[in-house]
**Student:** 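Supplied in structure tokens, the structure appears directly below.
Atom set for the values below is all heavy atoms of this structure, side chains included, hydrogens, waters and symmetry mates excluded. Throughout, protein chains are lettered first and strands after them, A, B, ... in sequence-line order, and every chain is numbered starting at 1.
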Amino acid sequence: MVSKNDTPTDQELVSLTLINPEAFGAIMKRYESKLRRYIQRISRFSDDEIEIILQDAFIKMYRYINDYDHSLAFSSWAYRITHNETIDRIRKNKRSEYSTSLDDDEENLIEKIASDDTGIAEAIDTEIQKKSVLKILQEIEPKYKSILVLRFLEEKSYEEIADILKKPPGTIATLVRRAKEKFRKKASEADKRIKETL
Amino acid sequence: MNIKENVLQTIREKHITPLSRWKFTVRNGLMWVLIYTCAVLVIILISISMFHLGNGNNAIFDDLETPMTDQIITIIPLFWIGTTFILALIAFLIFKKTVGYRRATMHFASLFLLVATICGAIIYITHGAEYLERAVGSIPYYDNLIPTKRILWSHEEKGMLGGTVVTDSTTTPFSMRDFDGDIWLITGPVYEAEDDVVIGKGVKLGIIGRVVQPRVFEAIEIRTW
């Protein structure tokens, strides 16, 4: 049941969970920090709220574990459930933003997007923009924010994002392009504002 | 207590268990049944639409000197085309929202419509659509949904009378109720009839002939509905 290197795969842990619920603990341990960080990035909820969302997401995963399609990566399925829980909570609360500090990855978001699209690097002053990433992200519509976070911060492939958001890969490619354009526009505007104030 | 412990404790305390696999199997099965049902209905509806478009009404319209625009509005089976479109859309959305998002859905939809049109054409060419049309014609209020024939066969002054036989006769003379509810006596000792015409109570017919007296219509040709 367990793979050769003694570290069970996600699929193996799913099978074990159906026999012994305690095995689900290993899945949670494996994904807790990643999913927590993802919720934080797309919602900016407080730590307490993130904790509740994450718990709800894990309980949902456990209840629906027989619905998990083994042709998908388990991580995509876990991200999908977490994403949906977060979006539901955002809709219920009518707020999605909560001020937090940037982590290293987020500070490097511009470089990450720029490495994918040289136009952005030309359009903005990267050093100044580092300070405005959070504000820029907050100004972007949630669906584009999710796309930017999944692609450039979570570093998911188009196929993985397609599985998480249940949209065709072609649509994801279009959304990524639009999200980058939106980010570039917002970043450029922020850049001008900052330069004017200096 | 960390999240992992919290969740495991909640699972233990609330006796939460994974939902049975069969529930998801049934749900997925129903989804495919719905998709296949929609697909079959789309094929049937395409064949019926073709039947309505190509069942030779054009010549009769010419005889009735109906303007081209009225002909087009009357002939186009909007009900069937609309129903086909809605069912195809439902099948497409179910497919796209469930398993289809990972596939080239538009290519799949285009291919599906092509195959459905070919299958529908085969059913029409082999006269299957005619039988299907008669089958759905027995559905109550169907005539209200498909006004084409009613309009076409409500021109007794121009020799076109349609309706439902109300007597037990198997030949002329017999009585027929037209679409306005008026009862007509159908006469005509010599008339042409399509091979499969069966005259009997409750049967719908289209009759070509002439008005010889008020509410008396002499049949020259009797057609199946």
Side-chain angles (χ1 to χ4, degrees), chain A residues 14-36 39 47-48 50-73 76 80 82 157-173, chain B residues 1-36 38-39 42 85 87-116:
Chain A
V14 167
S15 302
L16 284 171
T17 297
L18 291 169
I19 300 164
N20 179 5
E22 298 298 319
F24 192 61
I27 292 178
M28 287 190 279
K29 191 178 173 190
R30 192 171 284 181
Y31 282 97
E32 184 185 333
S33 61
K34 289 178 190 171
L35 297 177
R36 180 192 293 275
I39 299 168
D47 287 345
D48 288 345
I50 288 172
E51 192 116 332
I52 293 166
I53 294 168
L54 197 51
Q55 281 187 42
D56 289 349
F58 277 133
I59 288 171
K60 199 166 201 173
M61 277 178 223
Y62 179 72
R63 284 198 79 212
Y64 286 82
I65 204 149
N66 274 319
D67 193 29
Y68 164 57
D69 173 0
H70 286 252
S71 67
L72 293 183
S76 298
R80 182 193 292 173
T82 310
S157 68
Y158 283 15
E159 284 72 24
E160 284 174 308
I161 300 172
D163 286 335
I164 293 166
L165 301 180
K166 281 189 108 173
K167 290 182 189 295
T171 305
I172 296 300
Chain B
M1 199 159 28
N2 59 28
I3 281 188
K4 180 185 142 190
E5 290 306 320
N6 268 339
V7 171
L8 288 175
Q9 193 178 328
T10 307
I11 287 171
R12 281 190 292 263
E13 283 176 2
K14 294 188 176 175
H15 306 290
I16 297 169
T17 53
L19 293 171
S20 303
R21 190 181 294 273
W22 69 263
K23 284 185 181 173
F24 301 111
T25 309
V26 168
R27 185 201 61 191
N28 294 339
L30 282 175
M31 178 197 76
W32 281 111
V33 166
L34 196 58
I35 289 173
Y36 284 127
C38 285
V42 166
F85 176 77
L87 279 174
L89 189 67
I90 289 169
F92 176 73
L93 289 176
I94 293 169
F95 181 76
K96 193 178 170 186
K97 285 282 174 189
T98 50
V99 292
Y101 76 90
R102 294 166 89 183
R103 298 170 177 85
T105 319
M106 287 310 291
H107 291 167
F108 175 83
S110 308
L111 187 67
F112 166 72
L113 281 177
L114 180 69
V115 172

**Student:** What's the shortest heavy-atom distance between B:L8 and A:P21, and which atoms?
**Tutor:** CD2-O, 3.7 Å
**Student:** Within this structure, what is the NZ-CD1 distance for the pair A:K29 and B:I3, rounded to the nearest 0.5 Å?
**Tutor:** 14.5 Å
**Student:** Checking B:T10 now: which residues fulfil side-chain contact (heavy atoms from CB on, under 4.5 Å) with it, not counting sequence neighbours?
**Tutor:** A:I59, B:K14, B:I16
**Student:** Under 4.5 Å from any heavy atom of chain B, what part of A:D69 do you find: side chain, backbone, both or neither?
**Tutor:** side chain
**Student:** Working to the nearest 0.5 Å, report the span between CD of B:E5 and CE of A:M28.
**Tutor:** 8.0 Å
**Student:** Within residues 27-36 of chain B, which positions have a heavy-atom distance to chain A below 4.5 Å?
**Tutor:** B:R27
**Student:** In terms of heavy-atom proximity below 4.5 Å to chain A, should B:T25 be classed as side chain, backbone, both, or neither?
**Tutor:** neither
**Student:** Under 4.5 Å, counting heavy-atom pairs only, tell me which of A:K166, A:Q55, A:K167 racks up the most with chain B.
**Tutor:** A:K166
**Student:** Starting at CZ of B:F24, measure out to CG of A:N66 and round the result to the nearest 0.5 Å.
**Tutor:** 6.5 Å
**Student:** Given side chains that start at C-beta, do those of A:Y64 and B:P18 come closer than 4.5 Å, heavy atoms only?
**Tutor:** no
**Student:** Once rounded to the nearest 0.5 Å, what's the spacing between atom CG of A:L54 and atom NZ of B:K4?
**Tutor:** 13.5 Å
**Student:** Could you tell me which portion of A:I27 (side chain, backbone, both or neither) has an atom closer than 4.5 angstrom to a non-hydrogen atom of chain B?
**Tutor:** neither
**Student:** Measure the CD1-CZ distance between B:I11 and A:F58 for me, rounded to the nearest 0.5 Å.
**Tutor:** 10.5 Å
